[in-house]
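To keep things clear, I will list the structure first and then write my remarks on it.
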Amino acid sequence: MDIAPAQDPGQLTFRDAADADVPALVALIESAYRGDSSRTGWTTEADILQGRRTDPDGVRKVLEGPGSRLLVVERDGELVACCQLEHRGEAAYFGMFAVRPGLQGAGLGKVIIAEAERTVRESWGVREMHMTVISVREELIAWYERRGYRRTGELSPFPYGDERFGIPQRDDLVFELLVKDLV
């Protein structure tokens with residue numbers, strides 16, 4: 001008996017975001033991390049942070065930043081995910097990663113991060129991919145570790161009091177740097 005793979009992400013297309021994509025990107029990012037809609041997926045931060053995850057200005061800043069790209073991921077012309085790539089010398093930074101909550105757990109994330117790594121290797125010739133993750137997000141960190149990322153123990157403070165990053169629901173939030181060798 002043949003069983004179709006449960007992890008089939010379907011045909012994905014990748015392109016650089018444009019200013020016209022900003023409203024849809026903000027909605028996607030918010031839905032993946034904040035509020036009740038985020039609870040449909042597993043990447044929710046709703047229990048540790050409230051308020052907004054980003055806004056149109058934050059997304060435009062990524063679009064317009066030097067050495068920065070915001071990849072739009074579509075399936076059948078429909079926005080399903082996005083990620084930020086930023087050239088930082090010998091490394092690239094991976095951030096603003098969001099997959100539509102109802103599609104999480106279907107293998108999209110693995111495909112997208114692999115494409116992001118390929119893109120920065122080929123476009124910028126970087127040797128490493130860096131990202132920061134809130135250190136209490138153990139399940140998310142474990143997912144990245146299964147993709148070859150390693151915890152560095154290098155911590156940076158969470159910007160308490162700056163509501164552009166959300167309203168913390170606990171007082172022990174810090175970012176940890178995760179790194180993957182790409183060569």
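In what follows, residues are counted from 1 in the order of the sequence shown. All of these numbers come straight from a predicted model, not from anything done at the bench. Below, each value reflects all heavy atoms present in this structure, side chains not excepted, and no hydrogens, waters or symmetry copies.
Among residues two or more places apart in sequence or in another chain, the ring pair (Phe, Tyr, Trp, His ring centres under 6.0 Å) test is passed with Phe94 by Phe97. Residues satisfying the side-chain contact (heavy atoms from CB on, under 4.5 Å) criterion with Ala92, sequence neighbours excluded, are Val120, Trp124, Val126, Met129. Residues that satisfy the side-chain contact (heavy atoms from CB on, under 4.5 Å) test with Glu163, not counting sequence neighbours, are Ile167. The side-chain contact (heavy atoms from CB on, under 4.5 Å) search around Asp16 returns Arg69, Leu71, not counting sequence neighbours. In terms of the side chain to side chain donor-acceptor pair (under 3.5 Å) criterion, Arg147 has no residue partners (sequence neighbours excluded). By the ring pair (Phe, Tyr, Trp, His ring centres under 6.0 Å) test, Tyr33 pairs with no residue at all, sequence neighbours left out. Remark: Tyr160 engages Phe158 in a ring pair (Phe, Tyr, Trp, His ring centres under 6.0 Å) (not counting sequence neighbours). Among residues two or more places apart in sequence or in another chain, the side-chain contact (heavy atoms from CB on, under 4.5 Å) test is passed with Arg146 by Ala142, Trp143. Scanning for ring pair (Phe, Tyr, Trp, His ring centres under 6.0 Å) contacts around Phe165 gives an empty result, with sequence neighbours left out. The side chain to side chain donor-acceptor pair (under 3.5 Å) search around Glu78 returns Arg100, not counting sequence neighbours. Every residue was checked against the side chain to side chain donor-acceptor pair (under 3.5 Å) condition with Thr54, not counting sequence neighbours, and none meets it. Remark: Glu74 engages Arg15 in a side chain to side chain donor-acceptor pair (under 3.5 Å) (not counting sequence neighbours).
More than 12 heavy atoms of other residues, nucleotides or ligands shown are found within 6.0 angstrom of CZ on Arg151. Few gaps surround CD on Glu145; more than 12 heavy atoms of other groups in view lie less than 6.0 Å from it.
Side-chain contact between Val73 and Leu108 is absent, with no heavy atoms from C-beta onward closer than 4.5 Å. Counting only heavy atoms from C-beta outward, the side chains of Ile134 and Leu49 approach each other to under 4.5 Å. Between Val133 and Glu176, the closest side-chain pair of non-hydrogen atoms is not below 4.5 Å.
Here the closest non-hydrogen pair linking Ser38 and Pro101 is CA-CG, 4.4 Å. The minimum heavy-atom distance between Ala81 and Ile112, with the atom names listed, is CB-CD1, 3.3 Å. When all heavy atoms of Pro168 and Leu173 are compared, the pair lying nearest together is CB-CD1, 3.9 Å.
Of the N and O atoms on the side chains of Tyr93 and Ser68, not one donor lies less than 3.5 Å from an acceptor on the other residue.
In this structure, His130 contributes its side chain and Thr132 its backbone to no donor-acceptor pair below 3.5 Å. Under a 3.5 Å cut-off, the side chain of Asp21 and the backbone N or O of Ala18 do form a donor-acceptor pair.
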